[in-house]
Amino acid sequence: MAHAPSNPSLIPGVSRYSRSQAFAKKAYFKKKRPVAPAKAAPAATTVTKTVGGDKNGKTRTVSAIKTPRFYAADDVPVPKKTRKTHRPPALRATITPGTVLILLAGRFRGKRVVFLKQLPSGLLLVTGPYKVNGVPIRRVNQAYVIATSTKVDISGVTIDEKINDDFFKREKVEKKKATEEALFEEGQQKKTVSSDRVSAQKTIDAAIIKSIKKTPVLKAYLNASFSLSKGQYPHALKF
């Protein structure tokens, strides 16, 4: 149903209420107007100094900010000031703790994972579990997942507070000069998973696997990869 206007038109160009009557109907006089806090006085950019001599005007206004004696010969790029602040997106109503999600992008696309919680950055914390389908604890964007109606009971899962966005940051590796020895060393070195991540994975997966075993066929459902056959359309499917 369309919203009825507060001041309807009798004929084109003629309103039912006058301008003063329409203003009175809005009852702005009853509403409290917020009082803006007083702004702090800006810092002075100039200083008045006394000058000796009868013909020098006695006072002189000097800039409080001293200019540098030297300047760069080349133009130095200055970063552009922005007022953008990161606002984490709101979580979709269909995604709740324990919801089984289908990954649509990345290394594990097509895999089904269990949603644990939303991180402060807005990314979703999910796990396979690793023993079921090989997906470890990782962060995913909710724009690249499909929420299903299947849920896993994760009431017995305790997520450590240290598992946040900083937990997934990569360690900075110092780059070596491009020599033959350095190239061979890079090929021989293998990336190792930190002990903290391994222990966190085992703790979370142990509790989730217990609840998965209680539901028949749920383990096979999580292990199966999602794909579309000919003639199937994702918008026409009920997940």
Side-chain angles (χ1 to χ4, degrees), residues 82 84-155 157-173 175 186-187 189-209 211-212 215 217-239:
T82 59
K84 293 180 180 179
T85 55
H86 175 69
R87 294 184 180 87
L91 190 63
R92 270 192 272 165
T94 53
I95 301 176
T96 55
T99 303
V100 176
L101 308 175
I102 300 172
L103 302 181
L104 301 177
R107 178 184 169 191
F108 299 101
R109 58 183 175 275
K111 293 283 189 179
R112 292 178 171 90
V113 294
V114 180
F115 169 66
L116 300 175
K117 69 173 185 176
Q118 187 179 27
L119 298 173
S121 63
L123 298 175
L124 310 183
L125 181 68
V126 299
T127 182
Y130 183 76
K131 281 192 175 181
V132 175
N133 54 19
V135 181
I137 297 173
R138 60 190 291 108
R139 299 175 298 172
V140 295
N141 192 326
Q142 63 176 331
Y144 300 103
V145 299
I146 295 175
T148 65
S149 57
T150 308
K151 289 191 176 183
V152 179
D153 183 18
I154 62 168
S155 57
V157 179
T158 54
I159 303 170
D160 199 344
E161 291 182 358
K162 68 180 181 181
I163 302 177
N164 49 23
D165 293 299
D166 296 332
F167 183 75
F168 294 94
K169 283 186 177 179
R170 295 181 182 178
E171 295 180 359
K172 291 184 178 180
V173 181
K175 291 184 179 181
E186 287 180 3
Q189 290 178 355
K190 292 183 179 179
K191 292 182 180 179
T192 57
V193 182
S194 63
S195 57
D196 292 341
R197 190 173 290 194
V198 173
S199 61
Q201 183 78 58
K202 289 180 179 179
T203 305
I204 293 172
D205 284 4
I208 294 177
I209 289 172
S211 59
I212 288 173
T215 307
V217 198
L218 183 57
K219 185 177 180 181
Y221 173 73
L222 291 171
N223 193 20
S225 295
F226 171 77
S227 61
L228 292 173
S229 302
K230 187 178 180 181
Q232 286 184 326
Y233 304 100
H235 62 276
L237 298 176
K238 184 179 179 181
F239 295 96

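All values below were derived from every heavy atom in this structure, side-chain atoms included, with hydrogens, water molecules and symmetry-related copies excluded. Because the structure is a prediction, the values reported are computed rather than measured.
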Under 3.5 Å, side chain of [X] to main-chain N/O of [Y], donor-acceptor pair present?
| X | Y | value |
| --- | --- | --- |
| Asp205 | Tyr130 | yes |
| Asp165 | Ser121 | yes |
| Gln201 | Pro136 | no |
| Arg138 | Val126 | no |
| Asp160 | Ile163 | no |
| Thr150 | Val100 | no |
| Thr94 | Ala147 | no |
| Ser199 | Ser195 | yes |

With side chains defined as the heavy atoms from C-beta onward, is the minimum distance between [X] and [Y] less than 4.5 Å?
| X | Y | result |
| --- | --- | --- |
| Asp153 | Lys151 | no |
| Tyr144 | Leu101 | no |
| Lys117 | Ile159 | yes |
| Leu124 | Arg139 | no |
| Thr127 | Leu116 | yes |
| Ser149 | Phe239 | no |

Closest heavy-atom pair and its distance - [X], [Y]:
| X | Y | answer |
| --- | --- | --- |
| Pro234 | Leu228 | CD-CD1, 3.7 Å |
| Lys219 | Val132 | O-CG1, 3.7 Å |
| Gly134 | Phe108 | O-CE2, 3.6 Å |
| Gly122 | Pro89 | CA-CD, 3.9 Å |
| Leu222 | Pro129 | CD1-CD, 4.4 Å |
| Asn164 | Glu161 | ND2-O, 3.8 Å |

Value rounded to 0.5 Å, distance of [atom1] in [X] from [atom2] in [Y]:
| X | Y | atom1 | atom2 | result |
| --- | --- | --- | --- | --- |
| Thr148 | Ile95 | OG1 | CD1 | 10.0 Å |
| Lys111 | Leu104 | NZ | CG | 14.5 Å |
| Leu218 | Asn223 | CG | CG | 11.0 Å |
| Phe226 | Arg112 | CZ | CZ | 7.0 Å |
| Ile208 | Ile154 | CD1 | CD1 | 6.5 Å |
| Leu103 | Arg109 | CG | CZ | 11.0 Å |

Tyr221/Ile212 under side-chain contact (heavy atoms from CB on, under 4.5 Å): CA gap, chis, key distance, verdict: CA-CA 10 Å; Tyr221 173 73; Ile212 288 173; over 6 Å; no
side-chain hydrogen bond (donor to acceptor under 3.5 Å, both in side chains) between Asp196 and Ser194, worked out: CA-CA 5 Å; Asp196 292 341; Ser194 63; 5.5 Å; no
Evaluation steps, side-chain contact (heavy atoms from CB on, under 4.5 Å), between Arg197 and Ile137: CA-CA 8 Å; Arg197 190 173 290 194; Ile137 297 173; 5.6 Å; no
Chi angles and distances behind the side-chain contact (heavy atoms from CB on, under 4.5 Å) call for Gln118, Leu123: CA-CA 6 Å; Gln118 187 179 27; Leu123 298 175; over 6 Å; no
